[in-house]
Protein chains: 4
Amino acid sequence: MVRDPSEDSVPRRLLSAATKLFAQRGFDRTSVQEIVSAAGVTKGAMYHYFGSKDDLLSEIYGRVLRLQTEQLEKVAATEAPVRERLRQAATDVVTSTIENLDDTTIFLQSMHQLSPDKQNAVRSERRRYHERFRSLIEEGQREGQFRTDKPADIVVDFFFGSVHHLGSWYRSSGRLSARQVGEHYADLLLDALRP
Amino acid sequence: MVRDPSEDSVPRRLLSAATKLFAQRGFDRTSVQEIVSAAGVTKGAMYHYFGSKDDLLSEIYGRVLRLQTEQLEKVAATEAPVRERLRQAATDVVTSTIENLDDTTIFLQSMHQLSPDKQNAVRSERRRYHERFRSLIEEGQREGQFRTDKPADIVVDFFFGSVHHLGSWYRSSGRLSARQVGEHYADLLLDALRP
Amino acid sequence: MVRDPSEDSVPRRLLSAATKLFAQRGFDRTSVQEIVSAAGVTKGAMYHYFGSKDDLLSEIYGRVLRLQTEQLEKVAATEAPVRERLRQAATDVVTSTIENLDDTTIFLQSMHQLSPDKQNAVRSERRRYHERFRSLIEEGQREGQFRTDKPADIVVDFFFGSVHHLGSWYRSSGRLSARQVGEHYADLLLDALRP
Amino acid sequence: MVRDPSEDSVPRRLLSAATKLFAQRGFDRTSVQEIVSAAGVTKGAMYHYFGSKDDLLSEIYGRVLRLQTEQLEKVAATEAPVRERLRQAATDVVTSTIENLDDTTIFLQSMHQLSPDKQNAVRSERRRYHERFRSLIEEGQREGQFRTDKPADIVVDFFFGSVHHLGSWYRSSGRLSARQVGEHYADLLLDALRP
DNA sequence: AATGAATGAGCTTTCATTCAT
DNA sequence: GATGAATGAAAGCTCATTCAT
C-alpha cells in the first residue's frame, strides 16, 4: 500500500493532536474523545498504542526533555571557556523551548496532573538537567569568572523560571526571533553573574 | 449567637479551604464537595455565597493581585532614586509571593482554567501591574541608570518568570527566608541591568 | 407532600430493582443504567445513596445473611432436644432461602464478583453461620443422637450445598410449597445422621 | 517441524488457559486478551479455532458433561444390586467433580452467562443426566430398597446441590482425598434413603 | 494458520449545579 | 441562610470481534 507522506502513523498523529490540544486547553480540559477526533482515529486505536491519557502526556514530556538534555551535554563537554559554554547552553535552552513551545507549555502547566510515580520520573530527569546546568555555574565561580555571593542553585531557579515563563508571553508573530530572545536572556544571565 | 473568634465567617472559610486544596491538587482535580467538606459547610451554602467554582478562583486571584498592585504603587510613588525604588519593588514582589505561596501557585497553574472573560479580567489587571513595573525600568534607562540595549518588556518578562516559578522550588523549611530570596533576586535583576 | 404508599423510597426501589435484575441476568451482565431505569431514577441518584455497584450487592447480601443468622440463633437457643432444634433450623433455612430466592440466588452466583475485602466480610459472616450450625450437629453427636462416623463439617457442607442449589430448580409455581421442601430436606438431613 | 511433546496444540492450550482463568475470576471478568496471553497465542489464532468466547465455555462444559454421563451409563448398566449401583454412581460423580474441579466450578458459576440457546443445550444434557440418576433411585424405591415417602426428584436435587457446592470448599490440600469425600457423600445419600 | 491494528458500543463513575424545603 | 436529594452530561477506559495482510 502506498502511503501519502503527509499521512503520519497513528501514534504520531495522536501525539501531535494531543500536544496541540493540551497546550491550548490544558490536560484536564482536553477529553480523550477530542484527541482521537482530531487525530482522525477512534478511542480503541488510542488505547491500542497508549495505556492511558497520562501516557500521552509522559511521552510528550519525554521527547522535549531528552532533546534538551542532549543539547546541554553536548555544549557542556566542549573545550570552550566556561562563560562561552554557559552562554551557549542558555541560548540553546531558550531557543529550543520556543521552538517547541507547545510541549514546554504543557510541561509547565500539566506536570502536576500526572500520576505520582510518572511525576517523579519526570522530576528526577528535570533535576539532573538542572544539576548539570548548575555545575557549569559552579565551575565559573571556582575559576573566578562569576560572582560567588549568589548561591548557584538560586541562580539556576532564577533563570529557569524565566525560561518556563516563555510560553505565557512569547508569540512567534512578535518582533523578536527565538534566537534573539535567547541571546537577550543569555546576556541577562551572564551579566547578572559578573563578579 | 456567640461566635468563637477562631471561627471565621463561612465565605472566608470557603476561600481558605479552596486556596489550600487548589494549591495542593489543582483547580480541576478539586471537587466542590471536597471544598465544602474541608470548610465544614454544605454545597448549598457555597452556592449561596459564590456563583460558581470559578468565582472562588477569581476571588483568590483578586486578593493577591490587589495586594501586590497596592504595594507596587506605594513604592513607585516615593521620592527615592529609581534604582532604590526598583530594588524595593522587586524585593517586595518576591517576598509577598512567597508569603502567599498558595495563592500565587494557583495563579500560575489554574488561570487558564477560568472562563474566557474572567481570564481576560485577570490578565488585564496583571498587564497593568507589569506595565507599572516596566515604567520603572524605562525611567532608569532614560536616566542612564540602567542599560538600554535590552528592551524593558523583555526584562520584565524575564524577571516575572523567575517570580512565578518560586512556587515550584521554594520551601519555607529551606535555608533561605523569603526576604533573603527577595534580596538575591533583586540583586540579580539590578546587576543584570547595570549599564 | 402526600406519598403514594406504593411508592417506596429511592434507595429501597434501587435495591429491589437491583435484586431482580442481578438474579435474572447476573451481576456483571446488569448495567447500572438498567438498574436505575428499572427503579425510575437517574444514575446520579443511585450514586448519591450507594458508593458503587458493588455496594448494592453487598447490601442485598447483608439483608438475607442477617435474617438467617437471627433465625438460627433464636432456634439454637431454645430448650428443645437437639434433634428438634436441628430439624427446625434446617427447615427454617430452606424456607427462608426459598422465600428470598432472588437474594440467595445472587448470593451464590455473584459473591465472587465483589471486591476482595467485601468478599471477605461476607465470607466470614457466612462462616460464623455455618459454625453455629455445625455446633448443633456436634452437640447431637456428643449426646449420641447422631452418628459419629461422619465429620460434622462435611455434613454441613453437604447440606448447605443442597440449600444453595435451591435457586436452580425451585419454582414457586411447582407442586411443593417452601415449607414442604423444607421438611423434606430436614428429613433427609436428620435421617442421614441417624446413628 | 519438531514438536516438543510438552507443548500442546493451540486449541488445547486455549481451552486449558480459559478453564483456569474462568474458574479463578469468572467468565465475565476474564477478557479474551487474558486468555490468549496465558495460552501464548494471539487473538486471531483464538478466533481461528473458536467462533466466540462463548464457544470456549461451551466446549469446557461439554467435556466434563460427556465424561460424567459416560461414567454413569456404565455403572447403571451393570448387574450389581441397585444400592451398589447408586453408591458407585454417587461416589463417581463426586470423585470426578473434584478431579475436574475447575471445570465444574465454571459450570456452576458461569452457565447462566451463556447465550440462551447454548444454555438450553447444556441444560437438556444436564437434565438427561439427572433423569438417569433419578431412575436409579426410583428403581430402588420400587424394589423396596429405598424409602418411598421422598419424591425421587427432590432427592436428586438435594444430592446434586451438595455435589455442585464442592468447588466452594474442597481444597486438594485438605485432609480428605477425593475418594474419601465421595464415600462420605455416598453414605449420606444412601442412609438418607433408608426406608 | 496466524497476526495485530482498528472498531464501536458499552461500561462505571464523577461532578457542577439546581431547587423544593 | 442553609440543606441535601436529584439531575444530566460527560469522562476515561475496556472489550469482543473483524479484517487486510
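Throughout, a chain's letter reflects where its sequence line sits, starting with A, and its residues are numbered from 1. Atoms considered below: every heavy atom in the structure, side chains included; atoms not considered: hydrogens, waters and symmetry mates.
- When rounded to the nearest whole Å, the span between CD1 of A/Ile35 and C1' of F/dA10 equals 15 Å.
- Atom C1' of nucleotide F/dA5 and atom NZ of C/Lys43 are separated by 19 Å, given to the nearest angstrom.
- Residues B/Ala18 and B/Leu56 share a closest heavy-atom pair of CB-CD1, 4.2 Å.
- C/Arg123 pairs by the salt bridge (charged side-chain N to carboxylate O under 4.0 Å, His left out) definition with nothing, not counting sequence neighbours.
- Within residues 45-55 of chain B, the residues approached by DNA chain E to less than 4.0 Å at the level of any non-hydrogen atom are B/Tyr47, B/Ser52, B/Lys53, in residue-number order.
- Between B/Ala17 and B/Ala38, the closest heavy-atom pair is CB-CB, 3.9 Å.
- Applying the side-chain hydrogen bond (donor to acceptor under 3.5 Å, both in side chains) rule to pairs touching residues 20-29 of chain B yields A/Asp28-B/Arg29, A/Arg29-B/Asp28, B/Arg25-B/Glu34, B/Asp28-B/Gln113, sequence neighbours excluded.
- At least one donor-acceptor pair closer than 3.5 Å links the side chain of C/Ser37 to the backbone N or O of C/Gln33.
- In this structure, D/Val41 and A/Val10 both approach DNA chain E, and ranking their closest nucleotides by distance from the 5' end singles out D/Val41.
- Between C/Ile106 and C/Ala23, the shortest heavy-atom contact is CG1-N, 3.6 Å.
- A pairwise comparison of heavy atoms in C/Met46 and C/Val32 identifies SD-CG1, 3.8 Å as the closest pair.
- Tested against D/Ser110, the residues D/Leu57, D/Thr30, D/Ile60, D/Thr105 include a single side-chain contact (heavy atoms from CB on, under 4.5 Å) partner, D/Leu57.
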Q. Starting at the 5' end of DNA chain F, what dot-bracket string do you get if Watson-Crick and G-U pairs under 3.5 Å are bracketed, crossing pairs use [ ], other-strand pairs use | and unpaired bases use dots?
A. .||||||||||||||||||||
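- For the segment residues 22-34 of chain A, residues with any heavy atom less than 4.0 angstrom from an atom of DNA chain F are, sorted by number, A/Thr30, A/Ser31, A/Val32.
- Remark: A/Lys118 engages A/Asp55 in a salt bridge (charged side-chain N to carboxylate O under 4.0 Å, His left out) (not counting sequence neighbours).
- Nearest-nucleotide positions on DNA chain F place B/Thr42 closer to the 5' end than the other of C/Gly40 and B/Thr42.
- Nearest heavy-atom pair, D/Ala121 versus D/Ser124, reported as atom, atom and distance to 0.1 Å: O-OG, 3.2 Å.
- Distance, A/Leu21 CG to F/dG12 P: 12 Å, rounded to whole Å.
- Contact record, C/Lys53 with C/Tyr47: N-OH, 4.3 Å, taken as the closest heavy-atom pair.
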